[in-house]
Amino acid sequence: YSFFQCLFLQLKRCPSNINPPNLTSVSKFHLLGLSEDPDLQPILFGLFLCMYLVTVLGNLLIILAVSSDPHLHTPMYFFLSNLSLADIGFISTTVPEMLVNIQTHSRAISYVGCLTQMSLFIIFVCMDDMLLSVMAYDRFVAICHPLHYPDIMNPSLCAFLVLVSFLVSLLDSQIHNLIALQFTYFKDVEISNYFCHPSQVLNLACFDSFNRNIVIYFIGAIFGFLPVSGILLSYSKILSSIPKIPSSGGKYKAFSTCGSHLAVVCLFYGTGIVEYLGSVMSHSPQNSVVASMMYTVVTPMLNPFIYSLRNRDIKTSLSKLHRRIA
């Protein structure tokens, strides 16, 4: 508590370091959007509406397939259904607001609405991050300790891991909110994105870049580095244990069970790195918007396809679900 109290006191000192006429007390922000060309607005609306519906439908099908098939009532698919639920929330925090803005020809978002969107965005991003780490641990136990897998990954532990993932995500979100609520003055009201991206809101806030970098790196080290470390540690153990599997069929099964998860991990962190590099290295706001779109829209849309196309159990369950509905 004392650390954050000192940090907030430091951040509040900013107005004395900046010329007061350049500060703005805001009640709303203005989002840059994807394009200012009026002819492109109907195309963008249709494109993002289709991508949103595909994402929601695909992730809902994964959840329905897991919940309706008793054979999929295992820890791996329990975590997968929670990941799909987080992906629905992930894309739902940004795209519907953008679609409304396109239809109403308005790019304004209220101060409270911006903080709410930022808070929900952080919750679902961090939830994805944590769940991918939990799923890596699940694969580690399944491959390295197969005989003890049912005892270790019992329903109580699975529910506890999902609960911890949510609580950590909520903590991350609240820390960002507590920092943002310290500011009543901003250097600008234009956000160079189509949603209230946390880093860009902090860029507009009234405190110097040194303190801002401290905040970003401190929070990133806690809520980003730890899940990534868990994934790397789990897969290092898996890779070291696979050569010890005697049969080639067992080795193939071990690789195949990790394939879909690794593909999603690479997509999630790969697009995240592209977004970060795009915002840091590029001085064009449009490039930053495109990088954010890849991270916030394309990633949750592709996750169901990766799991359904590469996973025989999911494909079988979806076929059964289709026959039942038909």
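Each residue takes its place number in the sequence, starting with 1.
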For this session: Compute whether any side-chain donor of one residue and acceptor of the other, for Asn101 and Ser106, lie under 3.5 angstrom apart.
Result: no
Problem set entry | Polar contact flag, side-chain donor to acceptor under 3.5 angstrom, Ser119-Ser173 |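 A pair is found: one side chain offers a donor N or O, the other an acceptor, under 3.5 Å apart.
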Problem set entry | Arg107: salt bridge (charged side-chain N to carboxylate O under 4.0 Å, His left out) partners, not counting sequence neighbours | Glu36
Exercise. Around His73, counting heavy atoms of other residues, nucleotides and ligands shown, do more than 12 lie under 6.0 Å from its NE2?
Worked result: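 More than 12 heavy atoms, drawn from other residues, nucleotides or ligands, come within 6.0 Å of this atom.
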Under the rule for ring-ring contact (aromatic ring centres under 6.0 Å, His included), what residues qualify as partners of [X], not counting sequence neighbours?
X	result
Tyr269	none
His197	Phe121, Phe195
Phe48	none

Exercise. Run the ring-ring contact (aromatic ring centres under 6.0 Å, His included) check on Tyr295 and Phe268 step by step: do they pass?
Worked result: CA-CA 7 Å; Tyr295 184 61; Phe268 181 79; 5.6 Å; yes
For this session: Would you mind listing every side chain to side chain donor-acceptor pair (under 3.5 Å) that reaches into residues 144-164, with sequence neighbours excluded?
Result: Asp138-Tyr149
Exercise. For residues 44-54, which residue pairs qualify under side chain to side chain donor-acceptor pair (under 3.5 Å), counting only residues two or more places apart or in two chains?
Worked result: Tyr52-Ser92
For this session: Would you indicate whether the side-chain heavy atoms of Tyr137 and Met153 approach each other to under 4.5 Å?
Result: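 SC-SC contact between Met153 and Tyr137 confirmed.
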Problem set entry | Gap between atom SG of Cys258 and atom CE of Met76 - 0.5 Å precision | 9.5 Å
